[in-house]
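Here's the structure, in structure tokens; my notes come after.
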There are 2 protein chains.
Amino acid sequence: MEPEHVTLRDVAREAGVSYATASRALNGSDRTVRKENADRVRAAADRLGYAPDLSAQAIARGSSSTVALVVNDIDDPYFSSIAAGVTEAAQEAGLIVTMAIADRSPGLELQIVRTLRGHRPRAVIIAGTRTTGSDTHTALTDELSAYQESGGRVALISQPELPFTTLSIDNYGGARRLATALAGAGYRRFAIVHAGDDIRTSADRRQGFTDGLHAAGLALDAADQIVTDFTRAGGFQAAATIASRRPEAVFAVNDVMAIGLMSGLRDAGLTPGADIAVAGFDDIAAAVDVLPPLTTVRVPLHDLGRQALELALSGSAPTHVDIPVELVLRESTPKT
Amino acid sequence: MEPEHVTLRDVAREAGVSYATASRALNGSDRTVRKENADRVRAAADRLGYAPDLSAQAIARGSSSTVALVVNDIDDPYFSSIAAGVTEAAQEAGLIVTMAIADRSPGLELQIVRTLRGHRPRAVIIAGTRTTGSDTHTALTDELSAYQESGGRVALISQPELPFTTLSIDNYGGARRLATALAGAGYRRFAIVHAGDDIRTSADRRQGFTDGLHAAGLALDAADQIVTDFTRAGGFQAAATIASRRPEAVFAVNDVMAIGLMSGLRDAGLTPGADIAVAGFDDIAAAVDVLPPLTTVRVPLHDLGRQALELALSGSAPTHVDIPVELVLRESTPKT
DNA sequence: GGGGGCAGGGAATACGTTTTCCGGTAACTG
DNA sequence: CAGTTACCGGAAAACGTATTCCCTGCCCCC
């Protein structure tokens with residue numbers, strides 16, 4: 001009924017050799033095995049449908065063949081692009097990805113890292129929304145340090161305040177250049193839709209944008225800085241306030257918020273791109289399919305995921321890599 | 001320098017008990033251990049930063065705490081929504097998800113399933129694009145059968161021709177009802193943008209749609225059935241042909257294709273919803289953010305992922321579950 | 001006070017691999 | 001032809017945990 005797992009022993013018996021020989025024949029060992037025996041073993045393995053137990057391999061070899069990935073929300077294109085890059089690179093390296101979703105909760109993130117550590121992954125990649133100053137902050141640092149000291153690799157995405165290898169998106173610079181460009185295009189009265197400053201990414205982008213405006217001699221009223229959720233729904237909700245303030249241009253600190261905002265504005269009777277300019281950040285795939293196409297700042301998310309894994313696997317000392325971004329002007333911010 | 005992993009033995013020594021006792025104290029065992037000892041063990045574990053080696057646990061217990069998930073492209077909202085549902089349910093069950101990306105290649109999918117089997121996951125969920133009649137088809141069936149017979153659970157999404165637990169989206173019925181609705185709205189000349197019939201999902205939706213048209217007394221010229229890739233790019237490319245044929249309404253067999261098509265049409269000087277109606281299938285999040293909002297057929301992707309995992313874990317005999325879909329008429333197909 | 005039960009601790013074994021060590025055979029070298 | 005390699009097979013240890021089995025000591029009951 002339940003044919004217990006076919007094990008290396010079974011293969012060896014079937015092939016008429018010791019299981020040491022079988023082991024050597026089936027995976028790359030430095031020891032060579034006579035061709036005839038090797039063939040017999042492989043044939044037996046095929047016949048029996050043998051698949052090596054990766055847990056047993058991991059424990060015997062002392063290192064597993066997995067990498068751990070923590071994201072906030074796999075259904076958000078920002079994270080799914082990163083995940084795609086990480087997974088792609090992992091598969092090329094013959095590694096398997098274990099993925100966990102932190103649901104934007106630092107507590108959950110910490111708990112996840114704890115659990116994942118039990119897998120003894122070769123590397124752990126965290127693409128979270130680091131919130132500054134929380135108490136779980138140091139707990140996470142401790143956990144990752146312990147992991148790193150026992151030989152694990154860590155790479156973080158956009159959390160430069162932690163003492164690990166980090167890939168930093170140029171959030172500040174990108175937002176600042178965006179502000180400069182919009183001011184140059186003739187816009188004068190702005191609003192910004194952002195999340196709480198405890199979310200680093202949001203805070204940096206907001207700061208970059210306002211600094212860019214200042215440099216152009218423009219200021220931003222507090223009432224025109226609308227704080228909401230870091231999601232599409234957040235952007236959508238902000239539309240009501242924006243509609244009542246009627247700025248000439250709005251910067252939403254990421255594309256999903258910007259897209260939600262555009263839908264919300266339309267519901268309020270305003271046409272994005274005509275009545276009001278809208279810009280976002282990230283250049284997710286959907287940015288080019290909304291109408292009007294969204295002005296944004298391109299972040300090479302897919303590559304970012306790739307690089308994060310490659311950097312982690314390379315095993316270099318903790319380092320910081322700056323990921324350049326690129327301004328992408330589209331019709332949502334027409335020249336005035 | 002490299003403090004080797006702290007193991008159960010270390011914890012036991014630190015706590016002054018045998019490691020059998022430590023093992024019993026740290027995870028739920030049927031055996032009870034004196035409270036004083038249990039506390040000492042837990043304290044020691046905390047102090048040393050002990051995390052149980054899940055591989056070792058898996059091999060000792062004979063069952064791991066992971067589930068395997070295979071998707072075609074995590075960066076596609078269809079799959080990322082499913083993945084979100086699967087992962088959510090897995091985390092609630094205390095399980096960890098290992099994810100692999102098959103990149104729409106049956107061969108790769110097979111290879112992945114082989115590798116994943118080595119993890120001895122509690123369940124494997126496959127959300128692929130089953131292509132009918134390929135030679136890897138039976139190889140995959142064999143592989144999954146072997147896995148299932150050794151105690152594993154399998155759940156597939158929309159691949160009803162395989163002898164495993166399957167969640168079938170009502171692709172045919174949804175597309176057929178869509179056709180009926182569009183015909184009822186007054187459209188007469190149609191086109192379909194679809195993928196090759198080797199992709200079951202595409203074939204079923206195409207068939208449902210044309211059958212629906214037939215029932216309404218309408219027919220579809222072969223030249224109005226455009227075959228292209230099952231992706232946004234595929235839809236985009238199809239726009240040129242559509243623009244030259246100028247049907248009144250186009251059905252793209254999924255939303256990402258429909259959205260690509262809309263962008264392509266616009267580039268060709270046609271306004272979707274005004275010059276030409278467009279409908280898709282899936283109701284991905286972006287469907288409501290494009291302009292005009294996309295008429296589509298809603299598939300509860302997130303729930304689908306959840307159910308797939310729950311069904312697999314429940315361990316019932318292989319069964320087929322029908323996932324109902326819902327027509328969602330939006331402005332991309334205005335009443336004529 | 002003696003016997004039976006039971007709670008709980010520890011030694012040892014099992015899990016499925018890899019890898020070290022040992023031994024034997026065949027092929028070279030001088 | 002003897003001695004040294006090179007090659008290769010097998011026995012056994014190791015990895016970190018769960019679990020079985022045994023043993024001790026205590027409590028309870030008659």
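Hydrogens, waters and symmetry mates are skipped; everything else that's a heavy atom, side chains included, is used.
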- Task: Kindly determine whether A:Thr141 and A:Thr138 satisfy side-chain hydrogen bond (donor to acceptor under 3.5 Å, both in side chains), including the steps that lead there.
- Result: CA-CA 5 Å; A:Thr141 305; A:Thr138 67; over 6 Å; no
- Query: So, B:Ser316 versus B:Thr319: side-chain donor-acceptor pair below 3.5 Å or not?
  - Reply: no
- Mind calculating the distance between CG (B:Asp53) and P (C:dG16) to the nearest angstrom? 16 Å
- D:dG16 C1' sits how many Å from B:His5 NE2, rounded? 11 Å
- Query: Is it the case that B:Arg117 places NZ or CZ above or below the six-membered ring of B:Tyr147, under 6.0 angstrom from the centre and within 45 degrees of the axis?
  - Reply: no
- Task: When you get a sec, tell me which of D:dC21, D:dA18, C:dT17 is the closest nucleotide to the side chain of B:Leu8?
- Result: D:dA18
- B:Arg120 (side chain) and C:dG16 (base): donor-acceptor pair under 3.5 Å: no
- Message: Quick check on DNA chain D: between A:Tyr19 and B:Asn27, whose nearest nucleotide comes earlier from the 5' end?
- Response: A:Tyr19
- Query: Whole Å only: how far is the CG atom of B:Leu26 from the C1' atom of C:dG9?
  - Reply: 15 Å
- Task: For side-chain hydrogen bond (donor to acceptor under 3.5 Å, both in side chains), just list the numbers for A:Asp322 and A:Ser168, CA-CA rounded to whole Å, side-chain angles, deciding distance to a tenth of an Å, and then say yes or no.
- Result: CA-CA 5 Å; A:Asp322 279 317; A:Ser168 296; 4.5 Å; no
- Task: Send over the distance from A:Asp39 CG to D:dG9 C1', rounded to a whole Å.
- Result: 16 Å
- Message: If you assign each of B:Arg31 and A:Ser18 to its closest nucleotide in DNA chain D, which residue comes earlier from the 5' end?
- Response: A:Ser18
- To the nearest angstrom, the CG-P distance between B:Asp10 and D:dT17 comes to 9 Å
- Query: To the nearest Å, how far apart are B:Leu54 CG and D:dG16 P?
  - Reply: 14 Å
- Whole-Å distance between C:dT18 P and A:Ile59 CD1? 12 Å
- Task: Could you work out which one of C:dT19, C:dG16, D:dT17 sits closest to the side chain of A:Ala60?
- Result: C:dG16
- Select one nucleotide: of D:dG16, C:dT13, C:dT17, the one nearest the side-chain heavy atoms of A:Thr7. C:dT17
- Would you indicate, yes or no, if C:dG9 has its OP1 or OP2 atom less than 4.0 angstrom from a side-chain nitrogen or oxygen of B:Arg34? yes
- Query: Are A:Ser64 and A:Thr66 linked by a side-chain donor-acceptor pair shorter than 3.5 Å?
  - Reply: yes
- Figure out the CZ/P separation between A:Arg61 and C:dT18, and round it to whole Å. 5 Å
- Counting only distance, no hydrogens or angles, is the base of C:dG16 paired donor-acceptor with the side chain of A:Arg9 under 3.5 Å? no
- Note on the structure: Quick note, B:Ala20 side chain, CB onward, closest among D:dT17, C:dG10, D:dG10 is C:dG10
- Message: So if I take every side-chain heavy atom of A:Gln57 and compare against D:dG10, C:dT18, C:dC15, which nucleotide ends up nearest?
- Response: C:dT18
- Message: If the cut-off is 4.0 Å, is A:Ser23 near the phosphate of C:dT18, judged by side-chain N/O to OP1 or OP2?
- Response: yes
